[in-house]
Protein chains: 2
Amino acid sequence: MAIGTGRLPPLQLRPNTTPSRSTSPYHLAWTTIAALSAPPYPPVQPTDRPSKIQDVARAAGVSAMTVSRAINHPERLNPETLQRVRDAIASMRYVPNALASGLRLSRARLVAALLPTLVGPVFQELIQSLDHALNQHGYQLMIGRTGYDAAQEADLIRAIIQRRPDGIVMIGTAASEEGRALLQASRIPVVETWDLADTAIDMLVGFSHHAIGAAVAEHFVAKGHRQLGMVSGDDARARVRVAAYAQAAQAAGLPEVTVAFTPAPSTLGGGRRGLADVLLKHPEVTAVFCSSDTLALGALIEAQHQGLRVPQDLAVVGLGDQEFAKDTAPPLTTVRLDGTRIGQLAADMIVARSLDQPVDAHHVDIGFAITQRSSS
Amino acid sequence: MAIGTGRLPPLQLRPNTTPSRSTSPYHLAWTTIAALSAPPYPPVQPTDRPSKIQDVARAAGVSAMTVSRAINHPERLNPETLQRVRDAIASMRYVPNALASGLRLSRARLVAALLPTLVGPVFQELIQSLDHALNQHGYQLMIGRTGYDAAQEADLIRAIIQRRPDGIVMIGTAASEEGRALLQASRIPVVETWDLADTAIDMLVGFSHHAIGAAVAEHFVAKGHRQLGMVSGDDARARVRVAAYAQAAQAAGLPEVTVAFTPAPSTLGGGRRGLADVLLKHPEVTAVFCSSDTLALGALIEAQHQGLRVPQDLAVVGLGDQEFAKDTAPPLTTVRLDGTRIGQLAADMIVARSLDQPVDAHHVDIGFAITQRSSS
DNA sequence: TTGTATGCGTTATCAA
DNA sequence: TTGATAACGCATACAA
């Protein structure tokens, strides 16, 4: 990506202490030693190590167990003792060591989520909802990035299992053979999401990519389109959608669909180039299904660039119903995927299993819906 | 957000076992008990609990210490013993318990990142780079969401400290008083980023939001604009940019700038409405600075919607230089923030401090640059 | 209501 | 090169 230069006189005050690879003209660096020797706030902590439960116990004049109880079972304590301990905890900024308690209890109060990438807003609704639901149950969420790389995936899974999380949520990720074996040997509850895998490791909540492809094709057919196009990613799920889309078109007696594949991740540029490719090959195409809203927005920009009116000359349908889909010009018809619900259900499943409670449905299809706006 | 319905006949096979709040017409649910009683892969593990180091030791006919050494100091072992242990580890899918080793070593090999939100692509480059750099040093990254809520922030910081990470990176987040006190008492290395706070907790790598506001104003002035507008978020850093922008305009003898504030997070819709607001109040505005690329893209869409040519009738500058900025119509002039470099430096700082090595610069300004494209 | 002893799984230290 | 021992910080079981 090209980095231009501003028109301002350079503001550089002093050269960076480390060799800078930055091209920035607005640049300064300084080192403050004082910030370390004299922190802006008085240290509550006289020692140089964080306090542990024994320190608090000493300060409060009780045993370590009483401090533990003050934290975990306050109702079992004499109110006065409780107050004394709580004061000590607050004034010493004591924070329990979760490594120790997790080891003791075999419960880390931690759930890990594995996803292919943080780039792109596709999974963010799901993550947000998962995080929120888990927090409410006192669990923390840890995020791991597989980066679409199957080779590194097993390593990441190993790193995750090391922390002994109470559950693992796989988001848009299919585990490799080695990964599956590790997960199963770990006995950690696993929820796979964003798809309906034929062979689930454990639990599953998602939707059918096949059904999506078919539904969008039939959506176009119902509106009288006969020349269908598609701008698609090229991962496994995307190919399922492409196949179903093409198959449904064929079943409706339509000519062959025109597909342009774009490399991951989805970008505006990919959508622009994808649509341009489709129209170059088959200018008679009147409807395109883009496999993400970002690609669809790129397609809208490209259509406008080419002087095509949407939806009169070209219908566009996206996938994901991102926040911005309602604000494009024209507003985007798109497939709504309820990431919030997936996150909620996945959290429920993990929490239940973690507490040895029954899980009513191990495999759930949450479906999808086509949000009809003005672009189709 | 309105959810329409598709035109397909419902594919519902069987009602969901849990009451569904989904509006989806494409919907099914099922439960598989077999998936639990008969996993698709033969269990390598005869017991129902994950194996520990003693189990491996027994299987390999050595002591637990030898297994530990095989993992952490393989060079100290007899090659034959090493091989035997490694075979046992692989066949049992043994994964060490990081809670136990972390407790023993007081090193969790974990770094936590705190950010206000995952929504919006602003911090993703930074996160990606931080994660990558830390992975290379054998650390894992854990992400925590503060959600712009100062009240919950202390709780999150407490939850993070509980895990005893080797470092904490704050991204676009200023800790509350209580949060700062907790962090300082914890003795965990902290890197604040995305800003140059006046009173840093510990280490710092960022850029000056004041300088950005001034630089963009001067960019517009240099191009001959006299009526400046701004579409901005309303957080603390955004207000600093607004003030600097207005101040620089005044210093150049320009009339008062017109500012529209939009609520977080940045959206296309916010950009559209923001620009509309600015133009409604002052139709004579010829240049707007949007405080994110997403807002800027919304502004481009709105400008086009209103029949304004960019940059002839209206100049637009964004902030962030997101991946899509080069593919908008027209390509977006924007302020480049080198999130990759911030992540890299933050990782270096944490790793150095974690290993008790000297950190050469505790406070670093990495600057920024204006990427000149066609929208201004 | 509060305290004592014990073990969670791992690894540094020392001894063989 | 390998093994025995102890300790990391906390919470359950039991005792007082």
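So that the names make sense, note that chain A is the first sequence line, chain B the second, and so on, each numbered from 1. Both backbone and side-chain heavy atoms feed into the values below; hydrogens, waters and symmetry mates do not. Fair warning: this is a prediction, and the values are worked out from it, not measured in the lab.
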Calculate the interatomic distance between [X] atom [atom1] and [N] atom [atom2]; express it in whole Å.
X	N	atom1	atom2	value
B/R107	D/dG9	CZ	P	16 Å
A/I89	D/dG9	CD1	P	17 Å
A/I53	D/dA11	CD1	C1'	8 Å
A/L105	C/dG9	CG	P	12 Å
B/N97	D/dC8	CG	P	18 Å
B/H73	D/dT1	NE2	P	14 Å
A/L103	C/dT6	CG	P	18 Å
A/E75	C/dT2	CD	P	13 Å

Taking the basic N atoms (NZ, or NE/NH1/NH2) and the acidic carboxylate oxygens, is any pair closer than 4.0 Å for [X] and [Y]?
X	Y	result
B/R353	B/D202	yes
A/E153	A/R158	no
B/D55	B/K52	no

Could you list the protein-to-nucleotides 4-7 of chain D atom pairs, N/O on both sides, closer than 3.5 Å?
{"residue": "D/dA7", "atom": "N3", "partner": "B/R104", "partner atom": "NE", "Å": "3.3"}

If you count every heavy atom of other residues, nucleotides or ligands that lies below 6.0 Å from A/E80 atom CD, does the total exceed 12?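 At most 12 heavy atoms, drawn from other residues, nucleotides or ligands, come within 6.0 Å of this atom.
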Which residues in residues 160-167 of chain B have at least one heavy atom lying under 4.0 Å from any atom of DNA chain C?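 Correct list: empty, so none.
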**Prompt:** Do B/E125 and B/T340 have a side chain donor and acceptor closer than 3.5 Å?
**Reply:**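 B/E125 vs B/T340: donor-acceptor pair found between side chains.
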Does B/T81 make a side-chain N or O approach to OP1 or OP2 of D/dT2 shorter than 4.0 Å?
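For D/dT2, OP1/OP2 do have a side-chain N/O of B/T81 under 4.0 Å.
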- May I ask you to say what A/S106 touches in the nucleic acid, namely base, sugar-phosphate or nothing, with a heavy-atom cut-off under 4.0 Å?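 A/S106: no heavy atom of the nucleic acid under 4.0 Å.
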For A/A70, what residues pass the side-chain contact (heavy atoms from CB on, under 4.5 Å) criterion, not counting sequence neighbours?
->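 A/L77, A/L82, A/V85.
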